[in-house]
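Below is one structure; the comments refer to it alone.
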Amino acid sequence: MASANIVAQPAPVAVDPARCALVIIDMQRDFLEPGGFGEALGNDVSQLRKIVAPLRALLGAARDARLTVIHTREGHRPDMTDAPRAKVERGAPSLRIGDRGPMGRILIRGEVGHDIIPELYPLAGEPVLDKPGKGGFYQTDLDLMLRNRGIETLLVCGVTTEVCVHTTVREANDRGYRCIVVGDCCGSYFPEFHEVGLRMIAAQGGIFGWVADSGAVIGGLKG
Ligand code: TIU
């Protein structure tokens, strides 16, 4: 069994690349570009741009190491039958889920804003998983896809740290996956939530998993 040794918090972790997947959470225009869902919620979307370059490097290394790469997108069917009223009506945003914005209908599948940013666009054959909630496992076939491939360890990154990344990691942890959150490849509109979100993963001996930098992961994958 080939093994990649990754420097991480709270402790180094050994990973079998054949049983490891890179899971990229919701790197969609709607969260990263002006006029989308993130901005409609009152956020400064430029906060998330800094993770694009390290995430591109991590994605390249994962592809080179032949890891399973899975991309997720948060969003809803055009008829919004899968969008809970409580989610759509939450807060008082200027643009709500389903409303028409500069990138099409907000957080609706098939619209420009719902798609993944060009810099991280999936290659043919890389699964793209559409999820209606914050967590990657809720009402999706992610668990089935991972189990069918014998995946044991997830390298998790994307946006936002304390919302969809955290929810997915918590779901994965309870399902028995080892999660390594790649800290500099996760982003939040709130720097303090990002920092404490990462600390919450690795605290208590790694209560939800591990936290590593992309350099450590790439170094580990290259052996
Ligand atoms: N608002 C926010 O921080 N995040 C989300 O609504 N979804 C994800 O994190 N993808």
Side-chain angles (χ1 to χ4, degrees), residues 22-52 55 59 69-77 80 82-99 101 103-109 111-117 119-122 127-140 142 154-173 179 181-201 208-209 211:
L22 175 66
V23 180
I24 306 178
I25 305 289
D26 300 359
M27 291 298 289
Q28 297 160 255
R29 291 174 183 261
D30 257 323
F31 293 107
L32 283 112
E33 295 184 4
F37 184 59
E39 194 173 75
L41 295 173
N43 296 306
D44 170 12
V45 294
S46 69
Q47 285 284 337
L48 305 185
R49 290 305 314 179
K50 58 178 170 285
I51 75 166
V52 174
L55 189 37
L59 177 57
V69 176
I70 297 176
H71 306 256
T72 75
R73 300 185 296 201
E74 180 181 350
H76 298 280
R77 295 167 179 265
M80 292 176 61
D82 61 351
R85 250 180 81 181
K87 180 180 184 184
V88 176
E89 293 178 351
R90 192 79 48 86
S94 53
L95 285 168
R96 287 191 163 155
I97 297 170
D99 289 347
M103 293 188 290
R105 294 179 67 205
I106 299 271
L107 228 57
I108 297 296
R109 295 176 191 163
E111 301 288 341
V112 170
H114 175 263
D115 210 355
I116 291 168
I117 60 170
E119 297 93 323
L120 298 171
Y121 211 74
V128 178
L129 184 115
D130 283 322
K131 61 187 181 66
K134 304 303 181 194
F137 290 84
Y138 177 67
Q139 299 288 351
T140 74
L142 179 57
L154 309 182
L155 294 167
V156 189
C157 54
V159 296
T160 62
T161 312
E162 77 281 11
V163 182
C164 292
V165 171
H166 240 269
T167 307
T168 301
V169 167
R170 289 168 184 238
E171 290 178 323
N173 183 54
C179 293
V181 177
V182 189
D184 57 324
C185 294
C186 295
S188 170
Y189 303 118
F190 304 89
E192 69 274 29
F193 291 176
H194 173 78
E195 290 305 322
V196 82
L198 295 182
R199 283 171 51 200
M200 287 165 69
I201 302 287
F208 293 125
V211 176

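Since the structure is predicted, the reported quantities are computational estimates derived from the model, not experimental observations. As the structure lists them, so they are numbered: ligands from 1, and atoms in each ligand from 1.
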If only atom types and distance count, is the side chain of [X] paired as donor or acceptor with the main-chain N or O of [Y] below 3.5 Å?
| X | Y | value |
| --- | --- | --- |
| Gln139 | Gly133 | no |
| His76 | Asp82 | yes |
| Arg29 | Gly113 | no |

task = Please determine, by modelled atom types, if His194 and Thr161 share a side-chain donor-acceptor pair under 3.5 angstrom.
result =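 A donor-acceptor contact under 3.5 Å links the two side chains.
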[X], portion touching ligand 1 at heavy-atom distance under 4.0 Å:
| X | result |
| --- | --- |
| Asp26 | side chain |
| Glu162 | neither |
| Leu41 | side chain |

query = Relative to atom 8 (C) of ligand 1, which among Gly75, Cys164, Gly133 owns the nearest non-hydrogen atom?
reply =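 Checking each option, the heavy atom nearest atom 8 (C) of ligand 1 is found in Cys164.
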Strictly below 4.0 Å, N to O, side chains only: are [X] and [Y] in salt-bridge contact?
| X | Y | answer |
| --- | --- | --- |
| Lys131 | Asp26 | yes |
| Arg73 | Asp115 | yes |
| Lys134 | Glu171 | no |

Close N or O approach ([X], ligand 1; < 3.5 Å):
| X | value |
| --- | --- |
| Tyr189 | no |
| Val159 | yes |
| Lys134 | yes |

Which residue and non-hydrogen atom of the protein lie closest to [atom], and at what distance in Å?
| atom | value |
| --- | --- |
| atom 5 (C) of ligand 1 | Phe31 CE2, 3.4 Å |
| atom 2 (C) of ligand 1 | Thr160 OG1, 3.6 Å |
| atom 7 (N) of ligand 1 | Glu74 OE1, 2.9 Å |

request  = Find all atoms of ligand 1 within a distance of less than 4.0 Å from any non-hydrogen atom belonging to Phe37, and give their numbers and elements.
outcome  =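 Every atom of ligand 1 under 4.0 Å from some heavy atom of Phe37: 6 (O).
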query = Nearest 0.5 Å, what's the OH-CG distance between Tyr121 and Leu59?
reply =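 Between Tyr121 OH and Leu59 CG, I get 13.5 Å after rounding to 0.5 Å.
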